[in-house]
Enquirer: 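Handing you this structure, nothing more for now.
Chain letters run A, B, ... following the sequence lines, proteins first and then strands; every chain starts at 1.
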There are 2 protein chains.
Amino acid sequence: MKQIERRSDCPISLSLDIFGDKWTLLILRDFIFFDNRHFNELVTIEKISTNILADRLNRLLENDIVKKEVDRNNKSSYLYSLTEKGIDLIPIVIEIYKWGANNIDGNNANSEFKNEVNSNFNKVTSEIVDRIKTTHNNGYK
Amino acid sequence: MKQIERRSDCPISLSLDIFGDKWTLLILRDFIFFDNRHFNELVTIEKISTNILADRLNRLLENDIVKKEVDRNNKSSYLYSLTEKGIDLIPIVIEIYKWGANNIDGNNANSEFKNEVNSNFNKVTSEIVDRIKTTHNNGYK
DNA sequence: AATAGTGCTTGCGAATTACAAGTGCAAATA
DNA sequence: TATTTGCACTTGTAATTCGCAAGCACTATT
């Protein structure tokens with residue numbers, strides 16, 4: 001894995017140095033919407049290659065956005081969880097969901113959830129944040 | 001320019017197919033925060049290559065996120081503007097600004113603006129949206 | 001007619017990606 | 001005990017994309 005060099009000190013540029021690629025935020029989506037937290041779950045959904053998934057998970061670990069621990073229910077497996085810094089990314093992911101649901105033809109957004117996101121963004125987001133906080137804080141799924 | 005193939009119908013995946021890369025949202029940032037709307041302005045800030053900038057602007061045009069017209073103040077130059085769909089991306093960009101300002105060491109966020117974004121996100125965002133709407137709707141800078 | 005400005009396009013070496021296959025280790029099964 | 005299975009990667013390789021430098025086409029100015 002190669003660390004991308006800092007292009008400038010702008011907060012947006014620095015953020016995109018970390019997650020500005022095709023896959024990183026999709027991994028976050030899997031955490032948030034599908035509760036996929038094991039390597040072999042994450043590898044399935046949009047058929048990311050294993051080397052890319054490994055690279056992105058390492059980058060997220062290095063940037064303290066996810067943490068990794070042995071799964072207490074299956075000790076030969078690792079469980080990945082969002083840190084506080086990772087949980088802080090949830091509003092970005094939901095804003096992207098909202099934009100895609102409203103602006104891209106042929107998307108498969110659930111219409112009830114889409115309406116909720118459009119009319120009660122803050123409520124929806126904080127409910128998801130609360131749920132993730134409780135499930136990801138104790139290394140337990 | 002090659003169109004990225006659709007990985008799935010998920011709104012987030014579809015959105016990232018359009019702007020999930022290192023540069024696209026930075027171009028949007030230049031529109032929003034610096035009011036850079038000409039090719040030779042956009043090319044300067046984080047030293048993007050001209051072929052990449054041309055490619056990304058074309059992708060944004062194809063996806064109806066920006067529009068392009070002859071600059072009425074300089075007829076040998078083109079003026080790029082955000083469409084409604086592009087203006088709809090502003091909350092995403094500001095969420096990313098917020099995350100970077102709060103979570104990345106050494107970022108150069110303006111502390112007053114950062115506080116404003118943290119405490120009055122919706123107000124800050126809608127003010128920026130209103131400003132962009134008036135300046136980008138009439139092909140005039 | 002010559003120069004400058006603007007918005008690209010082209011060529012090419014370097015870096016990154018996707019796909020397939022293989023590895024190392026722990027736990028379950030025979 | 002030996003073997004298989006599952007999990008989390010790593011490695012190899014070909015294809016794609018990127019970044020840098022240079023060049024090109026068009027318009028406006030001198």
Side-chain angles (χ1 to χ4, degrees), chain A residues 1-8 13 16-27 30-31 34-62 66-81 139 141, chain B residues 1-8 13 16-27 30-31 34-62 66-81 139 141:
Chain A
M1 182 185 46
K2 204 199 132 200
Q3 196 65 345
I4 291 164
E5 66 180 85
R6 166 177 292 230
R7 289 174 290 178
S8 79
S13 166
L16 294 174
D17 287 344
I18 297 173
F19 58 74
D21 72 286
K22 273 175 63 181
W23 293 111
T24 304
L25 291 175
L26 264 196
I27 295 171
D30 278 18
F31 277 88
F34 302 116
D35 206 27
N36 287 338
R37 295 166 68 186
H38 298 93
F39 194 94
N40 66 346
E41 295 172 325
L42 292 166
V43 89
T44 57
I45 297 202
E46 263 94 4
K47 26 193 150 91
I48 188 173
S49 326
T50 53
N51 57 345
I52 301 294
L53 177 57
D55 180 89
R56 294 304 184 277
L57 286 172
N58 278 324
R59 179 165 295 161
L60 290 170
L61 282 165
E62 278 198 0
V66 304
K67 60 191 174 189
K68 177 187 185 178
E69 61 206 311
V70 172
D71 186 348
R72 69 174 63 156
N73 296 321
N74 177 359
K75 293 198 175 153
S76 67
S77 179
Y78 290 108
L79 182 68
Y80 291 90
S81 311
K141 183 173 178 173
Chain B
M1 182 185 48
K2 203 197 134 201
Q3 196 65 345
I4 291 165
E5 66 181 84
R6 166 178 293 231
R7 290 174 290 178
S8 80
S13 166
L16 294 174
D17 286 344
I18 297 172
F19 58 75
D21 72 285
K22 275 175 60 179
W23 292 111
T24 304
L25 291 175
L26 264 196
I27 295 171
D30 278 18
F31 278 89
F34 302 116
D35 206 28
N36 287 338
R37 295 167 67 187
H38 298 93
F39 194 94
N40 66 347
E41 294 173 327
L42 293 166
V43 89
T44 57
I45 297 201
E46 264 94 4
K47 27 192 150 92
I48 188 173
S49 330
T50 53
N51 57 345
I52 302 294
L53 177 58
D55 179 88
R56 296 302 185 276
L57 286 172
N58 277 325
R59 180 165 295 162
L60 290 170
L61 282 165
E62 279 198 1
V66 304
K67 60 190 173 188
K68 177 186 184 179
E69 61 207 311
V70 172
D71 186 348
R72 69 174 63 155
N73 296 321
N74 176 359
K75 292 196 176 155
S76 66
S77 179
Y78 290 109
L79 181 69
Y80 291 92
S81 310
K141 183 171 179 175

Enquirer: Using whole Å, what does the distance between atom P of nucleotide D:dA8 and atom CG of A:D71 come to?
Expert: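 So the two atoms are 9 Å apart, to the nearest Å.
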Enquirer: Side chain of B:A54 only, please: which of C:dA18, C:dT9, D:dC7 is the nearest?
Expert: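 In terms of side-chain proximity for B:A54, the closest of C:dA18, C:dT9, D:dC7 is C:dT9.
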Enquirer: Answer yes or no: does a side-chain N or O of B:S77 lie under 4.0 Å from OP1 or OP2 of D:dT27?
Expert: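 The answer is no; no side-chain N or O of B:S77 sits under 4.0 Å from OP1 or OP2.
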Enquirer: Can you tell me how far P of C:dG7 sits from CG of B:L60, to the nearest Å?
Expert: 16 Å
Enquirer: Just checking A:F39: base, sugar-phosphate only, or nothing, at a heavy-atom cut-off of under 4.0 Å?
Expert: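 Contact class for A:F39: base.
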Enquirer: Pick the closest DNA chain C nucleotide for A:I48 and for B:L57 by heavy atoms, then say which residue is nearer the 5' end.
Expert: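 Taking each residue's closest nucleotide, the earlier one in sequence belongs to B:L57.
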Enquirer: Listed by chain and number, what are the side chain to side chain donor-acceptor pair (under 3.5 Å) partners of A:N74, not counting sequence neighbours?
Expert: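 Counting only residues at least two positions away or on another chain, A:N74 forms a side chain to side chain donor-acceptor pair (under 3.5 Å) with A:S76.
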Enquirer: How long is the line joining CG of B:D21 and P of C:dT16, in whole Å?
Expert: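 Going from B:D21 (CG) to C:dT16 (P), I get 15 Å.
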Enquirer: Minimum heavy-atom separation for B:R6 and B:D17, please, with both atom names.
Expert: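 Closest pair (atom of B:R6, atom of B:D17, distance): CA-OD2, 3.6 Å.
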Enquirer: Would you mind reporting whether A:L79 and A:R72 have side-chain heavy atoms less than 4.5 Å apart?
Expert: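 Answer no - side chains too far apart.
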Enquirer: If you compare all heavy atoms of B:K75 against all heavy atoms of B:V70, which two are closest, and at what distance to 0.1 Å?
Expert: O-CG1, 3.6 Å
Enquirer: Rounded to whole angstroms, how far apart are CG on A:D55 and P on D:dT11?
Expert: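 Taking CG of A:D55 and P of D:dT11, I get 13 Å after rounding.
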Enquirer: Report the distance from atom CG of A:L53 to atom C1' of C:dT16, rounded to the nearest whole Å.
Expert: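 That distance rounds to 16 Å.
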Enquirer: Within the pair B:W23 and D:dG19, is there a side-chain N or O less than 4.0 Å away from OP1 or OP2?
Expert: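 So the side chain of B:W23 is within the cut-off, an N or O lying under 4.0 Å from OP1 or OP2 of D:dG19.
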Enquirer: A:N73 CG to D:dC7 P: how many Å, rounded?
Expert: 13 Å
Enquirer: Can you see which heavy atom on B:I48 is nearest to which on B:I27, and at what distance?
Expert: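 Minimum heavy-atom separation between B:I48 and B:I27: CD1-CD1, 4.4 Å.
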Enquirer: Starting the side chain at C-beta, find the nucleotide from C:dA18, C:dC8, D:dC9 nearest to A:K22.
Expert: C:dA18
Enquirer: Round to a whole Å and report the spacing from CG of A:L79 to P of D:dA8.
Expert: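 Atom CG in A:L79 sits about 10 Å away from atom P in D:dA8.
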Enquirer: Of the candidate nucleotides D:dA8, C:dA18, D:dG19, which contains the atom at the shortest distance from the side chain of B:I52?
Expert: D:dG19
Enquirer: Protein within reach of the bases, or only the backbone? For nucleotides 20-30 of chain C, mark each nucleotide 5' to 3' as B, S or -, using heavy atoms under 4.0 Å.
Expert: -B-----S---
Enquirer: On the nucleotide C:dT6, are OP1 or OP2 found under 4.0 Å from the side-chain N or O atoms that B:K68 carries?
Expert: no
Enquirer: C:dC8 C1' sits how many Å from B:N58 CG, rounded?
Expert: 9 Å
Enquirer: What I'd like to find out is whether the side chain of B:W23 reaches to under 4.5 Å of the side chain of B:L26, using heavy atoms alone.
Expert: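 Yes. Closest side-chain heavy atoms under 4.5 Å.
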Enquirer: At their closest point, which heavy atom of B:D21 faces which heavy atom of B:R56, and how far apart are they?
Expert: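 The pair with the smallest heavy-atom distance is OD2-NE, 3.0 Å.
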Enquirer: Determine: side-chain N/O of A:R56 to OP1/OP2 of C:dT17, distance under 4.0 Å, yes or no.
Expert: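 Result: yes.
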